[in-house]
Q: 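My structure is below; once you've seen it, I'll send some questions.
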Amino acid sequence: MNAFGARLVDAVAARGALCVGIDPHPALLAAWGLTDDPDGLGRFADACVDAFAGHVAVVKPQSAFFERHGSRGIAVLERVLAAFAEGPTLTLLDVKRGDIGSTMDGYADAYLGVGAPLGADAVTLSPYLGFGSLATALDTAADAGRGAFVLARTSNPEGADVQLAEFGGRPTAQSIVDGAAGRNAGVEPMGDVGVVVGATREHGLDLSTLNGPVLAPGLGAQGAAPGDIAGIFCGVRGVVLPAASRSVLRAGPDVVTLRAAAESLRDELAATV
């Protein structure tokens with residue numbers, strides 16, 4: 001498999017920069033007229049595959065909303081990842097895993113290794129046991145042609161206490177960005193290690209040397225508009241992936257309408273560049 005960074009550059013060039021979240025939370029299942037159980041989850045997932053595969057660059061399933069249904073829910077997640085793997089739309093599994101030693105090895109095997117049972121093109125990782133604790137996961141991802149997005153400056157207000165705390169004269173969030181930049185240094189067209197930086201506020205980070213992708217949640221229902229993205233992330237050398245979920249998914253359950261909502265937001269983003 002080709003390196004994730006290169007595949008992501010190609011996907012965005014072909015299908016735009018929008019990342020669509022697949023978040024089957026209970027209220028959304030109800031709004032779609034679906035039951036809050038594995039059967040309703042499966043129907044929701046199938047509609048998302050039909051609507052988005054080949055039409056957007058990246059989809060981001062939120063693992064928690066599948067896990068809450070137990071083993072049958074995880075089976076639906078496996079099916080979703082496998083369905084997208086057959087086409088050009090990349091998958092970014094939002095799992096926010098982070099641990100140390102053999103436990104991190106286990107997560108790497110589950111999500112990032114060659115033949116991983118829950119393998120996606122990339123996953124989200126939490127670095128708050130130290131950026132170095134992610135080394136196994138990042139190495140495993142690189143060996144399999146996968147990528148990772150490391151939490152840096154998230155959009156939730158509670159994150160500031162940790163992410164803006166200073167150590168060695170720089171905010172913790174900046175040290176995460178710098179750690180990712182070190183992994184990406186010299187890689188063309190860009191590296192495989194991205195960062196997560198919320199699009200709903202000025203982040204105050206230097207992203208100029210990242211040489212990797214930025215996942216920018218907060219587009220749509222959380223308050224960020226397409227026209228905000230370029231200003232907030234000016235100077236990024238790499239790909240910025242604005243992520244939207246509710247503002248697209250509320251157009252369901254009709255597949256055609258759902259696809260149209262994603263394409264409309266994708267095109268609106270492209271027009272602001």
Q: Quick one, Phe44 and Pro253 - any side-chain contact, counting heavy atoms below 4.5 Å?
A: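 No, their side chains stay 4.5 Å or more apart.
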Q: Closest approach of Gly159 and Thr154, non-hydrogen atoms and distance?
A: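 That would be CA-OG1, 4.4 Å.
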Q: Would Ser63 and Leu93 satisfy side-chain contact (heavy atoms from CB on, under 4.5 Å), going step by step from the backbone distance to the final call?
A: CA-CA 7 Å; Ser63 184; Leu93 182 58; 4.1 Å; yes
Q: Which atoms form the tightest heavy-atom contact between Ala216 and Val240, and what is the distance?
A: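 So the minimum-distance heavy-atom pair works out to CB-CG1, 4.2 Å.
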Q: About how many Å separate CG of Leu125 and CG of Leu138, when rounded to the nearest 0.5 Å?
A: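 The distance works out to 6.5 Å.
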Q: Looking at every non-hydrogen atom in both residues, tell me the closest pair between Ala17 and Pro242 and how far apart they are.
A: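 Heavy atoms of Ala17 and Pro242 come nearest at O-CD, 3.4 Å.
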Q: Is Ser175 close to Phe131 at the side-chain level, that is, under 4.5 Å between some pair of heavy atoms?
A: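 No - every pair of side-chain heavy atoms lies 4.5 Å or more apart.
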Q: Under a 4.5 Å side-chain heavy-atom rule over Ile, Leu, Val, Met, Phe, Trp and Tyr, are Ile22 and Val255 clustered together?
A: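 Different clusters.
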Q: Using a 4.5 Å cut-off on heavy atoms from C-beta on, say whether the side chain of Lys60 contacts that of Val20.
A: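 No, their side chains stay 4.5 Å or more apart.
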Q: Do we see a donor-acceptor contact under 3.5 Å between the side chains of Gln62 and Asp94?
A: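 Yes, a side-chain donor-acceptor pair sits under 3.5 Å.
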Q: Is there a path of hydrophobic side-chain contacts, each under 4.5 Å between heavy atoms, that joins Tyr111 and Phe65?
A: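 Per the 4.5 Å side-chain linkage, Tyr111 and Phe65 are not co-clustered.
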Q: Please examine the side chains of Val177 and Leu207, heavy atoms only from C-beta on, and report whether any two atoms are closer than 4.5 Å.
A: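 Side chain of Leu207 against side chain of Val177, heavy atoms only: contact under 4.5 Å found.
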Q: Write down the atom of Ala180, the atom of Leu210, and the distance for their closest heavy-atom approach.
A: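 Of all heavy-atom pairs spanning Ala180 and Leu210, the closest is CB-CD1, 3.7 Å.
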Q: Would you say Val195 and Leu215 make side-chain contact, with heavy atoms under 4.5 Å?
A: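 Counting from C-beta outward, Val195 and Leu215 never come under 4.5 Å.
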Q: Same cluster or not: are Leu41 and Val49 linked, directly or through other Ile, Leu, Val, Met, Phe, Trp or Tyr residues, by side-chain heavy atoms under 4.5 angstrom apart?
A: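 Shared cluster, yes.
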Q: State, to 0.1 Å, how close Asp36 and Arg68 come at their nearest heavy-atom pair, and which atoms those are.
A: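 It is OD1-NH1, 2.7 Å.
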Q: To the nearest 0.5 Å, what is the distance between CZ on Arg153 and CG on Leu164?
A: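 The distance works out to 4.0 Å.
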Q: Starting from Phe149, can I reach Met190 by hopping between I/L/V/M/F/W/Y residues whose side chains sit under 4.5 Å apart?
A: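 Met190 and Phe149: one cluster.
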Q: Is there a donor-acceptor contact under 3.5 Å from the side chain of Arg146 to the main chain of Gly113?
A: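 Checked: pair present.
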Q: Quick one: do Leu151 and Phe233 end up in the same hydrophobic cluster if we chain Ile, Leu, Val, Met, Phe, Trp and Tyr together by side-chain heavy atoms under 4.5 Å apart?
A: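 Yes: a chain of side-chain contacts under 4.5 Å links Leu151 to Phe233.
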Q: Is it true that a side-chain atom of Asp206 and a backbone atom of Ser208 form a donor plus acceptor pair closer than 3.5 Å?
A: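 Yes; at least one donor-acceptor contact below 3.5 Å.
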Q: Report the C-alpha distance between Arg72 and Asp37 in whole Å, list the side-chain angles of each, state the deciding distance to 0.1 Å, and finish with yes or no for salt bridge (Lys or Arg N to Asp or Glu O under 4.0 Å).
A: CA-CA 9 Å; Arg72 290 179 63 195; Asp37 57 24; over 6 Å; no
Q: When rounded to the nearest 0.5 angstrom, what is the spacing between CG in Leu269 and OG in Ser264?
A: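 Interatomic distance, Leu269 CG to Ser264 OG, rounded to 0.5 Å: 10.0 Å.
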Q: So, Thr91 side chain and Val59 main chain: donor-acceptor pair closer than 3.5 Å or not?
A: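 Not a single qualifying donor-acceptor pair exists.
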Q: Enter the distance from Phe52:CZ to Leu18:CG here, rounded to the nearest 0.5 Å.
A: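 That separation rounds to 8.5 Å.
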Q: Are the side chain of Asn184 and the backbone N or O of Asp192 linked by a donor-acceptor pair below 3.5 Å?
A: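 Checked: pair present.
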Q: Inspect the surroundings of CD1 in Ile100 and state if more than 12 heavy atoms from other residues, nucleotides or ligands are less than 6.0 Å away.
A: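 Open: at most 12 neighbouring heavy atoms sit under 6.0 Å from CD1 of Ile100.
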Q: So for atom CZ, which belongs to Arg43, do other residues, nucleotides or ligands contribute more than 12 heavy atoms lying within a distance under 6.0 Å?
A: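 12 or below, so no.
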Q: Would you say the side chain of Thr272 lies within less than 4.5 Å of the side chain of Ile229, judging by non-hydrogen atoms?
A: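 No, too far: nothing below the 4.5 Å cut-off.
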Q: Any side-chain heavy atom of Leu77 sitting closer than 4.5 Å to one from Leu118?
A: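 Yes, at least one pair of side-chain atoms sits under 4.5 Å.
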Q: Using 4.0 Å as the upper bound for N to carboxylate O, is an ion pair formed by Arg7 and Asp121?
A: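 Salt bridge flag = yes for Arg7 with Asp121.
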Q: Can a salt bridge be assigned to the pair Arg79 and Asp46 using a cut-off of 4.0 Å between side-chain N and carboxylate O?
A: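 Salt bridge present between Arg79 and Asp46.
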Q: What pair of heavy atoms forms the shortest contact from Val197 to Ala152, and how long is it?
A: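 It is CG2-CB, 4.3 Å.
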Q: Apply side-chain contact (heavy atoms from CB on, under 4.5 Å) to the pair Gln174 and Asp178, showing each step before the final yes or no.
A: CA-CA 6 Å; Gln174 186 64 55; Asp178 294 345; 2.9 Å; yes
Q: Say whether Arg259 and His55, considering side chains only, have a donor N or O and an acceptor N or O under 3.5 Å apart.
A: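 Yes, His55 and Arg259 have a side-chain donor paired with an acceptor closer than 3.5 Å.
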Q: Taking the side chain as every heavy atom from C-beta outward, state whether Trp32 and Leu258 have any pair of such atoms under 4.5 Å apart.
A: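 SC-SC contact between Trp32 and Leu258 confirmed.
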Q: Whether the side chain of Thr124 engages the backbone of Lys96 through a donor-acceptor N/O pair (distance < 3.5 Å, no angle test) should be reported.
A: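 The answer is yes, because a donor-acceptor pair under 3.5 Å joins these two groups.
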Q: I need the Asp99 CG to Thr136 OG1 distance, nearest 0.5 Å.
A: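 The OG1 atom of Thr136 is 11.0 Å from CG of Asp99, to the nearest 0.5 Å.
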Q: Does a side-chain N-to-carboxylate-O contact under 4.0 Å join Arg183 and Asp139?
A: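 Yes, Arg183 and Asp139 are salt-bridged.
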Q: Would Arg97 and Val123 count as a side-chain contact (heavy atoms from CB on, under 4.5 Å) if you check the C-alpha gap in whole Å, the side-chain angles of each, and the deciding distance to 0.1 Å?
A: CA-CA 8 Å; Arg97 298 298 190 247; Val123 300; over 6 Å; no
Q: Could you walk me through whether Tyr128 and Ile176 pass side-chain contact (heavy atoms from CB on, under 4.5 Å), step by step?
A: CA-CA 9 Å; Tyr128 291 104; Ile176 300 304; 4.3 Å; yes
Q: With rounding to the nearest 0.5 Å, note down the distance linking CG in Leu219 to CG in Leu241.
A: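 Between atom CG of Leu219 and atom CG of Leu241 there are 11.5 Å.
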